[in-house]
Protein chains: 2
Amino acid sequence: MLISELAELTGVSARALRHYEDRGLLVPARDSSGYRDYSESDVTRVARIRAMISAGLGTAAIQRYLDCARTGDHGVSLEMCPDLRAELDSLAGRLNARQAELRETQQRLSELISVRG
Amino acid sequence: MLISELAELTGVSARALRHYEDRGLLVPARDSSGYRDYSESDVTRVARIRAMISAGLGTAAIQRYLDCARTGDHGVSLEMCPDLRAELDSLAGRLNARQAELRETQQRLSELISVRG
DNA sequence: GTATGGGTTCACGTCAGCGTGAAGGTCAAG
DNA sequence: CTTGACCTTCACGCTGACGTGAACCCATAC
């Protein structure tokens, strides 16, 4: 199918799909005139990519682990690959750190507001 | 005093101090040879700048409101300027939104980890 | 004189996932 | 033939507080 069709089906912009190709996440076939030709299975592949992005994974990490992912009854899950567990734990740690920073920022902001001059 | 001295006193890099000057937040005098010549009061001014940055304010907003700030017994506080209240409330709203997004991300990540394949 | 250890002003790099034209080829329809 | 709606490949813009050389001036000690 054409890129606009896959974009429609997945709700992901055509630009984003091209971006995924640049990152090596989703490399479709090409027809005789150079148009990208996506398969049906690419719909679920895009879903996996989106799930991992929304979980905070970068495209580089996604490329390393995308083939560990599968779509099950309860949404997207990941078959364990070596190092994947560590990578995810690391990411969770960074998210927690960011969360703590954000709370600090909110705290300082509220002080700035409430203390008054 | 020289830029390196102020940097040492405040713990802010010389590059950052020059950046603040570019943004119009801290514009020191110059000596006969063109060197930046900071005053003692610039130490507290840098503290105010850092406090506002760490509260999530951008340099543009800081420039508009820096002179509303003062250093009191309980840290940095802000004298109210017109529009400042609204600006801070707006910022607080964005921080809350970011916080919510982050929690969503953490949620999706934990699902990715716990569901298993 | 010169080897240092400052200082100065540009100005691009960083981090990242796309948005957004720009310039031009492809193809079904009027 | 000519729209017009797609497609293609660049390649800069965005968000923003700095990091990091590059190339050059200033001052002090040797």
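The chains referred to below are lettered A, B, ... by the order of the sequence lines, with proteins before strands, and numbering in each begins at 1.
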Counting distance alone, no hydrogens or angles: does the base of dT8(D) have a donor or acceptor under 3.5 Å from a partner atom on the side chain of Arg36(A)? no

Under 4.0 Å between a side-chain N or O of Thr59(A) and OP1 or OP2 of dG17(C)? yes

Would you kindly give the CD1-to-P distance between Ile53(A) and dA16(C), to the nearest whole Å? 12 Å

Minimum-distance nucleotide (side-chain atoms of Ser4(B) versus dG6(C), dG25(C), dC18(C)): dG6(C)

Nearest to the His19(A) side chain among dC26(D), dT9(D), dC18(C), which nucleotide is it? dC18(C)

Any side-chain N or O of Ser13(A) below 4.0 angstrom from OP1/OP2 of dG19(C)? yes

Could you tell me whether Glu8(B) atom CD has more than 12 heavy atoms of other residues or ligands within 6.0 Å of it? no

Could you state the CZ-P distance from Arg30(B) to dT9(C), rounded to the nearest angstrom? 4 Å

What nucleotide, of dC18(D), dC18(C), dC7(D), holds the atom closest to the side chain of Arg15(B)? dC18(D)

Proximity to the side chain of Tyr35(A) - top-ranked nucleotide from dC7(D), dT8(C), dC18(D): dC7(D)

Looking at the side chain of Ile3(B), which of dC18(D), dT8(D), dT8(C) is the nearest nucleotide? dT8(C)

Check the pair Arg50(A), Tyr20(A) against side chain to side chain donor-acceptor pair (under 3.5 Å), reporting the backbone distance first and the verdict last. CA-CA 10 Å; Arg50(A) 288 304 314 170; Tyr20(A) 298 156; 2.9 Å; yes

Once hydrogens and angles are ignored, does a donor-acceptor distance under 3.5 Å link the base of dG17(C) to the side chain of Tyr20(A)? no

Would you indicate what Arg23(B) reaches in the nucleic acid, counting non-hydrogen atoms under 4.0 angstrom: base, sugar-phosphate, or nothing? nothing

Name the residue closer to the 5' end of DNA chain C, choosing between Ser33(A) and Val12(A) according to the nucleotide with the nearest heavy atom. Val12(A)

